[in-house]
Amino acid sequence: MEKKRFIAAAAALLIATCASACGKADESEKGGSDTAVSSETEEKESAKTAPADDEKEPETTKKRKSKKTTEASDAADKSDTKTTAVKDSKSSDSGNKSSGGSSGSAGNSSSGGSSGSSGNSSSGGSSGSSGNSGSSSSGEQSGGSGNEQQGSQQSETPQTEENTYTAEITLGGSPSGKGENFTVEGSKVTITSAGDYRFTGSCSDGQIIVAADTEEKVKIVLDGVDLTCTDGPAVFIRKAKKCTVELADGSSNKLSDSAKDKVNDGVIFSNDTLRIKGGGSLEINAGNAHGISSDDDLIIEGGNYVINSVKSGIMAHDDITINGGDFDIKGGTNGIK
């Protein structure tokens with residue numbers, strides 16, 4: 001009886017185990033079927049949305065290409081930025097290269113994006129662009145101010161023309177001077193060659209003599225001279241192609257003679273063409289004969305004259321031309337002859 005119950009229990013347990021196993025198998029088959037159906041559906045959907053064969057690439061390859069493209073774009077952006085900075089730096093004034101150029105570069109680098117043709121920022125933000133424009137305007141303003149200041153300084157500085165003389169001579173008992181083409185003998189100064197000679201000082205018994213070649217031109221500048229000659233003309237132009245006596249602007253000069261010389265008969269006497277000009281004044285006291293005398297032509301182009309003479313105040317053997325000047329002449333015979 002107990003064996004029968006044991007067998008029956010074992011059989012029942014076996015049947016239950018088989019039934020359980022069969023149930024799990026059915027569920028597994030159903031799950032596999034569902035998975036297969038889901039897989040087929042996904043494959044169909046993938047087939048619809050999948051790109052062409054030549055577009056299929058592994059995800060890693062896509063990322064690498066994307067990274068290279070981004071790096072190439074950044075490199076191009078940096079190159080454009082540098083090129084623009086160089087252009088901006090070259091276009092600025094020479095006095096503002098360091099200020100404008102460095103500010104432009106700083107603005108571009110801070111923008112962080114690709115720069116346009118004007119050298120301003122793009123994707124990084126507007127702050128870099130405004131920095132560039134601010135630096136440029138500041139550099140231009142400072143450069144303009146510097147140029148204006150320089151122009152103002154140049155306009156305020158007058159350009160004076162310096163006279164260069166062949167010699168500068170101071171009259172006196174023993175005349176002295178610096179330069180060339182003149183000799184000194186006692187109180188007499190002799191000019192020996194062409195050139196411009198400036199005289200200053202005073203002498204109670206001296207003489208200025210011109211003895212140059214007949215083809216040379218000589219200019220005598222009287223700049224504060226008080227000269228008296230007791231044995232001939234105070235200024236004696238013995239030989240020169242043409243001699244000019246210039247009264248320095250603003251200067252006061254005085255010439256006198258007292259000798260009895262019928263040949264060289266003037267306080268200023270010339271054997272050749274004589275021209276007198278300048279903005280200074282000249283007082284002449286002629287104790288011999290004439291005040292100003294020339295054996296050739298006489299040309300007066302300016303100056304203030306006070307002439308006291310025992311004969312003619314102004315005399316020439318050829319032509320007398322007066323183009324300017326003020327004259328106060330007291331002549332024993334004639335004013336102008």
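Owing to the predicted nature of the structure, the values given are computational and were not obtained by experimental measurement.
With no hydrogens or angles considered, no side-chain donor-acceptor pair links Thr200 and Asp223 at under 3.5 Å. Between the side chains of Asp205 and Thr230, at least one donor N or O lies within less than 3.5 Å of an accepting N or O.
Remark: Asn304 engages no residue in a side-chain hydrogen bond (donor to acceptor under 3.5 Å, both in side chains) (not counting sequence neighbours). Residues meeting the ring pair (Phe, Tyr, Trp, His ring centres under 6.0 Å) test with Tyr197, sequence neighbours left out: none. Residues satisfying the side-chain hydrogen bond (donor to acceptor under 3.5 Å, both in side chains) criterion with Asp226, sequence neighbours excluded, are absent altogether. Residues passing the salt bridge (Lys or Arg N to Asp or Glu O under 4.0 Å) test with Glu168, sequence neighbours excluded: Arg198.
Shortest non-hydrogen contact noted between Ser309 and Ala289 is CB-O, 3.6 Å. Here the closest non-hydrogen pair linking Ala194 and Ala212 is N-CB, 4.5 Å. Scanning all heavy atoms of the two residues, the minimum distance from Gly186 to Pro175 falls at O-CD, 3.2 Å. Taking both residues in full, the closest heavy atoms of Glu180 and Ala167 are given as O-CB, 3.7 Å, listed atom of the first, atom of the second, then distance. The shortest non-hydrogen separation linking Gly206 to Cys203 is N-SG, 3.6 Å. When all heavy atoms of Gly172 and Ser187 are compared, the closest pair comes out as O-CB, 3.8 Å.
Counting only heavy atoms from C-beta outward, the side chains of Ile220 and Cys243 approach each other to under 4.5 Å. Residues Ile209 and Val189 fail the side-chain proximity criterion, which asks for heavy atoms closer than 4.5 Å. Inter-residue side-chain proximity for Lys330 and Asn308 is flagged as met; some heavy-atom pair is nearer than 4.5 Å. Taking the side chain as every heavy atom from C-beta outward, Val306 and Ile284 never approach each other to under 4.5 Å. At least one side-chain heavy atom of Met315 sits under 4.5 Å from a side-chain heavy atom of Lys337. At least one side-chain heavy atom of Leu171 sits less than 4.5 Å from a side-chain heavy atom of Leu227. Counting only heavy atoms from C-beta outward, the side chains of Ile314 and Ile300 approach each other to under 4.5 Å.
Aromatic ring orientation, Tyr305 versus Phe327: parallel (interplanar angle below 30°, classes split at 30° and 60°).
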Given the rule in the side chain to side chain contact (heavy atoms under 4.5 Å, CB included) test, do Phe269 and Ile237 qualify, once you have shown the distances and angles that lead to the verdict?
-> CA-CA 6 Å; Phe269 177 79; Ile237 297 105; over 6 Å; no

In sequence, state the C-alpha distance, the side-chain angles, and the governing distance for Asp231 and Lys188, and then conclude on side chain to side chain contact (heavy atoms under 4.5 Å, CB included).
-> CA-CA 11 Å; Asp231 61 354; Lys188 296 181 179 181; 3.2 Å; yes

Report the C-alpha separation of Leu298 and Ile322 in whole Å, then their side-chain angles, then the decisive distance to 0.1 Å, and conclude whether the side chain to side chain contact (heavy atoms under 4.5 Å, CB included) test is met.
-> CA-CA 8 Å; Leu298 176 61; Ile322 298 177; over 6 Å; no

Can Ile299 and Asp319 be said to form a side chain to side chain contact (heavy atoms under 4.5 Å, CB included), step by step?
-> CA-CA 8 Å; Ile299 304 167; Asp319 295 332; over 6 Å; no

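In this structure, OG1 in Thr244 is found 5.5 Å from NZ in Lys242, a value given to the nearest 0.5 Å. Here OG of Ser202 is found 11.5 Å from CG of Asn253. Values are rounded to the nearest 0.5 Å. The CD1 atom of Ile208 lies 7.0 Å from the CD1 atom of Ile191; values are rounded to the nearest 0.5 Å. In this structure, CD in Glu283 is found 5.0 Å from NZ in Lys254, a value given to the nearest 0.5 Å. Here the straight-line distance linking atom OG of Ser256 with atom CG of Asn288 works out to 12.5 Å at 0.5 Å rounding. For the atom pair OG1 (Thr192) and CG (Asn181), the distance works out to 5.0 Å, reported to the nearest 0.5 Å.
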N/O donor-acceptor pairs under 3.5 Å from side chains in residues 271-282, not counting sequence neighbours:
| unit_1 | atom_1 | unit_2 | atom_2 | d |
| --- | --- | --- | --- | --- |
| Asn271 | ND2 | Arg238 | O | 3.0 |
| Asp272 | OD2 | Ala240 | N | 3.2 |
| Ser281 | OG | Ser251 | O | 3.4 |

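No donor-acceptor pair closer than 3.5 Å links the side chain of Ser258 to the backbone N or O of Gly287. In this structure a side-chain-to-backbone donor-acceptor pair under 3.5 Å is present from Gln207 to Pro233. The closest donor-acceptor contact from the side chain of Asp261 to the backbone of Val263 lies under 3.5 Å. No donor-acceptor pair under 3.5 Å is formed between the side chain of Asp196 and the backbone N or O of Thr166.
Under a 4.5 Å side-chain heavy-atom cut-off, the cluster of Ile, Leu, Val, Met, Phe, Trp and Tyr residues that includes Val221 is completed by Tyr165.
Test Ile307, Asn334, Asp265 against Ser312 for side chain to side chain contact (heavy atoms under 4.5 Å, CB included) and you get one pass: Asn334.
Put simply, Phe236 and Val245 are part of two different groups of oily side chains (I, L, V, M, F, W, Y) that touch within less than 4.5 Å, one to the next.
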